[in-house]
Amino acid sequence: MTEHSPDAPAQRYDAALADTIETTWQARWKADGTYHTPNPAGTLTEGPANGPADLASREKLFIMDMFPYPSGTGLHVGHPLGYISTDVYARFKRMTGFNVLHTMGYDAFGLPAEEHARATGEHPRANTEANIANMSRQLARLGLGHDDRRSIATTDEAYYRWTQWIFNQIFNAWFDETQGKARRIEELEAEFESGVRTPADGSVWAELSAGERRSLVNTYRLAYVSEAPVNWCPGLGTVLANEEVTAEGRSDRGNYPVFRRPLKQWMMRITAYTDRLLDDLDLLDWTDSIKTMQRNWIGRSEGAHVDFRVPTASADDGEVATIRVFTTRPDTLFGATYMVLAPEHPLVENLTTEAWPEGTKDAWTGGASTPGEAVTSYRRRTSQMSDLDRQEHKDKTGVFTGSYAVNPVNDASIPVFIADYVLMGYGTGAIMAVPGQDERDWEFAEVFDLDIIRTVQPPADFDGDAFTGNGPAINSGFLDGMQIDEAKSSIIEHLSEIGAGEGTITTKLRDWLFARQRYWGEPIPIVFDEDGNARAVPDDLLPVDLPELIDWAPRELDEDSEPEPPLGRADGWTTVELDLGDGVKTYKRDLNTMPQWAGSCWYYLRYIDPLSDDVVANPISEKYWMGGDNPTEGGVDLYVGGVEHAVLHLLYSRFWHKVLFDLGHVSTPEPFKRLINQGYIQAYAFTDDRGMYVEASEVEEVSGAWVRNGEPVNREFGKMGKGLKNSVTPDDMYRDYGADTLRLYEMFMGPIDQDRPWETKSVVGSQRLLQRIWRNLVDEETGELTIAEIPIPDDLNRVLHRTIDVVRRDMDALSFNTSIARITELNNELTKLEGPTPHAVADALVRMIAPLVPHVAEELWSRMGHDDSVVYADFPIADPSQLVDDEIEIPVQIKGKVRSRITIAADADETSIEAAALADPRIVELLAGAEIRKVIVIPGKLVNIVA
RNA sequence: GCCCGGAUGGCGGAAUUGGCAGACGCGAUGGAUUCAAAAUCCAUUGUCCGAAAGGGCGUGUGGGUUCAAGUCCCACUCCGGGCACCA
């Protein structure tokens with residue numbers, strides 16, 4: 001803390017006084033439980049010791065921040081931006097009659113702790129707990145009004161017990177397509193037993209052994225083990241979800257290469273929820289950009305499957321294969337002049353002929369003497385390319401397989417190619433190529449000299465290649481003349497009739513790969529029986545504790561290796577004796593842990609009832625806080641966090657919530673009703689002549705140039721953080737200005753959702769405002785109040801009530817920067833006032849600043865003689881009679897330019913306003929007898945004369 | 001390439017959604033106070049012409065609608081973000 005200057009008045013509001021005030025009130029709040037939020041039932045029904053008695057019966061408001069990962073580097077001033085916003089809003093709402101739930105937790109499992117531990121040799125738990133302690137200290141110093149009884153860390157056993165419980169709920173559920181919702185697995189077994197439903201694989205339930213039944217049922221579960229190509233990241237020793245792999249084919253964390261290979265892994269059936277995840281976005285008050293990102297990620301597209309037969313060379317003795325393609329443009333089928341399969345497509349071997357057929361063009365062969373040679377060499381070439389190379393290599397390449405397929409609508413014989421521009425992972429891994437209506441196909445057709453048939457008539461002025469717009473069908477038999485939509489439905493109907501295809505929907509969303517071969521995560525609560533069938537650990541045996549491993553570090557492995565879960569090294573833990581209803585037997589534990597995202601999927605639910613040990617959350621409290629009385633409007637009322645979670649966290653969380661909703665554990669279909677993405681704090685960063693970042697705090701400006709240690713440096717601009725070496729810590733701000741000043745400055749910088757550049761030199765402006773407010777209420781020399789019970793001058797009273805009116809509205813709209821501007825204006829009026837400040841103005845002012853700067857507000861409130869906390873004081877309400885004037889001044893324009901002003905009665909009618917405007921001496925002079933063509937009068941606003 | 005945002009003084013940003021552009025703050029300039037400095041207080045601060053009164057211009061660019069456009073429409077430029085050979 002900066003020392004109080006010996007020359008300054010004893011009671012000046014400076015960093016030293018702020019520090020005293022802030023630490024005093026933080027201690028008081030803690031002692032009084034000021035932010036203890038009462039639940040309606042179950043645990044935590046107690047409210048604050050000095051708060052209103054009726055809190056629990058008030059309307060609720062559930063406000064959340066995206067909880068942080070407890071990083072070892074501590075906070076910089078960019079981190080708490082969102083937390084301050086939610087705190088100000090929560091405090092405002094408390095003062096306007098709401099019971100507000102606001103707390104903070106830590107997302108403490110996951111790779112970074114383990115990577116840090118790997119580097120330092122410290123156990124992840126010790127490191128994580130130290131980081132949490134440090135971050136909690138830094139955040140507490142900001143004066144955030146959190147109910148600390150509700151704080152959780154995802155690494156707490158009492159917390160991950162319920163993460164595992166939710167896993168079991170998901171494991172013990174299946175998705176009923178006809179009802180469009182998840183149901184309990186017992187209901188599936190009952191349906192098989194009674195014969196209402198027959199197993200999809202054709203087996204007969206009654207003839208199956210217990211083990212076979214278990215194995216069959218396992219294939220229906222929402223959490224299931226599958227052997228499928230997954231993202232294997234040897235550098236991290238674990239497999240990763242699609243969402244955790246970058247476009248460059250590397251791990252999101254650590255940037256290690258990722259390889260696709262088939263492995264047995266836990267999956268979650270998120271694809272069952274595709275339609276609901278899309279449709280329910282409409283229920284949410286989120287920005288369009290986040291909704292669009294989710295829609296793009298899910299990637300639903302409607303189209304058709306079309307089957308192309310590939311007859312044998314002698315035509316009449318059957319066929320080699322049937323190639324199924326997915327297309328969003330079945331209407332262009334008549335323009336399909338060739339086909340392309342992904343190089344990895346399983347039919348490629350069948351389709352590759354012994355020799356090049358008659359009519360093979362040179363360009364199609366890739367220079368090889370046989371199709372087999374061409375295909376083998378092309379496939380080898382593709383498999384050696386990284387995903388990145390494959391993306392950058394936009395020139396179309398490919399080879400002919402030697403086979404011809406038959407277009408089902410016109411019997412045209414079209415060549416079948418393999419090319420890397422068709423991806424195995426989307427649709428069916430095969431396409432019908434329609435160069436006339438598809439740019440990629442057009443490019444390929446040009447390179448390989450293939451036919452191009454337009455099947456949609458482009459407009460006369462169209463001079464491009466492929467035409468992808470709407471227009472009438474041409475060269476398309478019975479479709480000719482139809483617009484795209486009509487042509488699509490007609491051709492789909494036709495294909496169904498001739499058995500060559502059907503309408504279908506494809507999505508990019510894949511099931512969620514849920515297992516990680518890491519130590520620092522929740523153990524998956526599954527054991528395997530002697531048949532190898534997965535069995536859930538019974539709920540009453542949860543949590544499955546994470547064993548205290550000494551040798552917990554993952555092995556760094558090469559590409560061809562198998563994952564080696566660290567939990568496999570936990571002696572005495574990997575097997576367990578259990579009675580799962582058929583006697584005590586020995587089971588093998590699942591050795592995987594859950595991904596980072598698991599704990600954050602449901603933490604809002606535990607905030608509601610963190611101490612309950614018999615249910616995940618008391619149903620009455622859950623319904624109260626989530627707003628389940630009106631489910632379609634329900635959910636967390638405000639969720640603030642970074643845009644980087646637009647897909648991963650927010651998609652997974654919605655998915656888990658929907659499963660819990662289907663199973664009756666939560667009362668709303670969506671977890672987060674309203675979402676705001678706060679902007680980032682940015683700052684100047686500096687590089688030396690080698691391009692390396694240097695400590696921004698050591699750079700000085702010398703006559704317009706940027707210099708560090710006498711050396712010139714380059715100035716850049718970017719997100720504040722360790723990487724750019726441009727961090728400013730909140731601790732520095734507490735020392736130099738105090739927490740209230742930091743809060744005020746961050747809220748004043750701009751709108752909550754906008755990025756904003758940090759400027760330490762501007763922070764002083766916010767401190768000055770607090771000093772001026774303080775000085776208007778307190779004598780700086782003596783500390784005596786300069787407030788008196790005197791009448792408020794009329795003008796000041798009007799300013800006061802207008803300020804109250806606007807601040808109330810702006811705070812409600814989370815527009816804190818403009819709220820502060822209005823409060824500043826009011827305070828500037830007080831500064832001009834001779835003599836003491838009228839009590840009623842001081843009272844309203846202190847209440848209005850309380851959400852923004854709670855410590856100094858509490859101090860002033862207390863000095864003004866209140867025993868209770870300002871936290872639950874009523875926010876002022878404007879007197880409507882003070883919002884209207886008897887007389888107002890309005891501008892008079894001539895041809896849209898302000899030329900004069902007239903003062904008229906506020907309720908004057910159009911005629912009298914017009915008359916007053918035309919009688920104004922200045923207007924008369926300017927018009928100088930010119931002909932008046934029109935006069936526009938907007939009562940209460942302005943007059944515009946057209947002359 | 002496609003999809004979202006955005007562009008307003010030296011800087012951060014306001015503008016109740018078509019009605020006085022630049023609120024509020026930072027910075028800057030001048031003044032008061034002080035032995036001096038800091039702090040504080042007062043004044044000025046979009047730009048150009050003008051001694052002033054006053055006037056011209058002005059919200060990325062070019063057009064348009066309107067009595068009136070930062071705001072609406074059309075075409076573009078630049079910046080930020082997301083997706084991307086997704087059939």
Side-chain angles (χ1 to χ4, degrees), chain A residues 5 7-9 12 14 247 287-293 295-297 299-301 303 325-329 332 340 342 390-396 419-423 425-434 437-441 443-444 506-508 643-644 646-647 677 679-680 682 744-745 748-751 753-766 768-769 771-772 775 780 805-806 809-810 813 815 817-825 827-828 831-832 889-899 901 933-938 940-947:
Chain A
S5 163
D7 298 345
R12 163 152 300 168
D14 58 11
T287 62
D288 286 340
S289 76
I290 298 284
K291 289 187 183 182
T292 304
M293 282 163 77
R295 288 193 185 104
N296 288 346
W297 184 264
R300 177 189 155 108
S301 45
V325 304
F326 173 73
T327 177
T328 55
R329 293 293 304 276
T332 63
V340 184
R390 212 164 143 168
Q391 274 173 40
E392 281 181 345
H393 194 77
K394 298 266 179 176
D395 293 338
K396 293 289 174 289
D420 63 5
Y421 83 94
V422 173
L423 309 173
Y426 185 77
T428 61
I431 62 158
M432 63 179 210
V434 189
Q437 270 73 232
D438 185 284
E439 278 159 26
R440 295 152 301 176
D441 295 346
E443 277 174 47
F444 190 88
T506 286
T507 60
K508 282 192 258 182
V643 70
E644 69 271 18
V647 176
N677 295 113
Y680 291 109
Q682 301 176 308
L744 192 62
Y745 173 64
F748 186 58
M749 289 167 84
D753 55 354
Q754 217 169 81
D755 289 350
R756 58 198 84 181
W758 178 268
E759 270 194 307
T760 299
K761 69 170 188 185
S762 295
V763 177
V764 70
S766 296
R768 267 180 218 155
L769 172 59
Q771 275 175 352
R772 287 170 186 161
R775 198 180 301 126
E780 284 192 326
D805 183 52
V806 177
R809 269 188 278 129
D810 283 357
S815 180
N817 55 332
T818 54
S819 298
I820 294 166
R822 296 289 89 81
I823 289 169
T824 308
E825 284 176 311
N827 191 58
N828 287 347
T831 305
K832 286 181 207 153
E889 191 187 63
I890 61 167
V892 181
Q893 300 178 331
I894 296 176
K895 286 196 283 190
K897 290 199 181 295
V898 179
R899 296 301 180 188
R901 288 162 185 288
R933 292 202 309 230
K934 199 172 177 185
V935 178
I936 286 106
V937 178
I938 312 292
K941 289 278 188 193
L942 55 59
V943 179
N944 191 11
I945 299 164
V946 189

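Quick note on labels: first sequence line is chain A, next is B, and so on, each numbered from 1.
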Integer-rounded Å distance: G13(B) P and Asp755(A) CG: 9 Å

Nucleotide nearest Lys761(A) when distance is taken to its side chain, options G27(B), A87(B), A23(B): G27(B)

Whole-Å distance separating the CZ atom of Phe748(A) from the C1' atom of G25(B): 4 Å

Given A87(B), A23(B), G19(B), the nucleotide with the shortest approach to the side chain of Gln893(A): G19(B)

Distance below 4.0 Å between Arg295(A) side-chain N/O and G82(B) OP1 or OP2: no

Whole-angstrom distance between U47(B) and G58(B), as gauged at atom C1': 7 Å

Which nucleotide in A14(B), A23(B), C85(B) has an atom nearest any side-chain atom of Tyr421(A): C85(B)

Protein-to-nucleotide contact annotation, 5' to 3' order, nucleotides 41-50 of chain B [B base; S sugar-phosphate only; - none; under 4.0 Å, heavy atom]: S---------

5'-most by nearest nucleotide on RNA chain B - Glu889(A) or Thr824(A): Glu889(A)

Among C4(B), C26(B), A23(B), the one nearest Val764(A) by side-chain distance: C26(B)

Separation of G25(B) P from Leu744(A) CG (nearest whole Å): 12 Å

Value in whole Å for how far the C1' atom of C24(B) lies from CG of Asn817(A): 9 Å

Under the salt bridge (charged side-chain N to carboxylate O under 4.0 Å, His left out) test, residues paired with Arg768(A) that sit two or more places apart: none

Position toward the 5' end of RNA chain B (nearest nucleotide), Glu825(A) or Ser762(A): Glu825(A)

Atom pair CZ/OG of Arg329(A) and Ser301(A) - distance to nearest 0.5 Å: 13.0 Å

Identified pairing partner of G70(B), criterion: Watson-Crick or G-U wobble below 3.5 Å: none

C1' atoms of C78(B) and U8(B), separation to the nearest Å: 16 Å

Whole angstrom value for the distance that separates P of A38(B) from CZ of Arg12(A): 14 Å

Atom P, compared across G25(B) and C2(B): separation rounded to whole Å: 45 Å

Any donor-acceptor N/O pair under 3.5 Å between C85(B) base and Lys396(A) side chain: yes

side-chain N/O Gln754(A) vs G13(B) OP1/OP2, d < 4.0 Å: yes

Atom pair CZ/CD1 of Arg901(A) and Ile890(A) - distance to nearest 0.5 Å: 10.0 Å

Any Lys934(A) side-chain nitrogen or oxygen under 4.0 Å from OP1 or OP2 of C67(B): yes

Nearest to side-chain heavy atoms of Lys508(A), which nucleotide of A39(B), G27(B), C83(B): C83(B)

Touch class at under 4.0 angstrom, heavy-atom based, for Arg899(A) against every strand present: sugar-phosphate

From Leu769(A) atom CG to Phe748(A) atom CZ, the distance as rounded to the nearest 0.5 Å: 8.5 Å

Mutual orientation of the aromatic rings belonging to Trp758(A) and Tyr745(A) [parallel < 30°, tilted 30-60°, perpendicular > 60°]: perpendicular

Between C1' of C20(B) and CD1 of Ile938(A), the distance in whole Å: 13 Å

Distance in Å, Tyr426(A) OH paired with Lys508(A) NZ, rounded so as to fall on 0.5 Å steps: 7.0 Å

Selected nucleotide, minimal atom distance to Lys897(A) side chain, candidates C57(B), U16(B), A87(B): C57(B)

Euclidean distance, Asp14(A) CG relative to Glu780(A) CD, rounded to 0.5 Å: 9.0 Å

Sugar-phosphate, base or nothing in reach of Asp441(A), heavy atoms under 4.0 Å: nothing

Gap separating the OH atom of Tyr680(A) from the CZ atom of Arg756(A), nearest 0.5 angstrom: 12.5 Å

Whole-Å gap separating C1' (G25(B)) and CD (Gln771(A)): 15 Å

Atom-to-atom span, CE of Met293(A) to P of G82(B) - whole angstrom: 7 Å

N/O donor-acceptor pair, side chain Asn944(A) with base C67(B), under 3.5 angstrom: yes

Candidate nucleotides C85(B), A87(B), C4(B), ranked by approach to the side chain of Thr328(A) - the nearest: A87(B)

Inter-nucleotide C1' distance (G60(B), A51(B)), Å rounded: 37 Å

Span that lies between the C1' atom of U45(B) and that of C11(B), in whole angstrom: 14 Å

Separation between the C1' atoms of C72(B) and U59(B), rounded to whole Å: 16 Å

Whole-angstrom distance between G22(B) and G46(B), as gauged at atom P: 10 Å

P atoms of A14(B) and G31(B), separation to the nearest Å: 35 Å

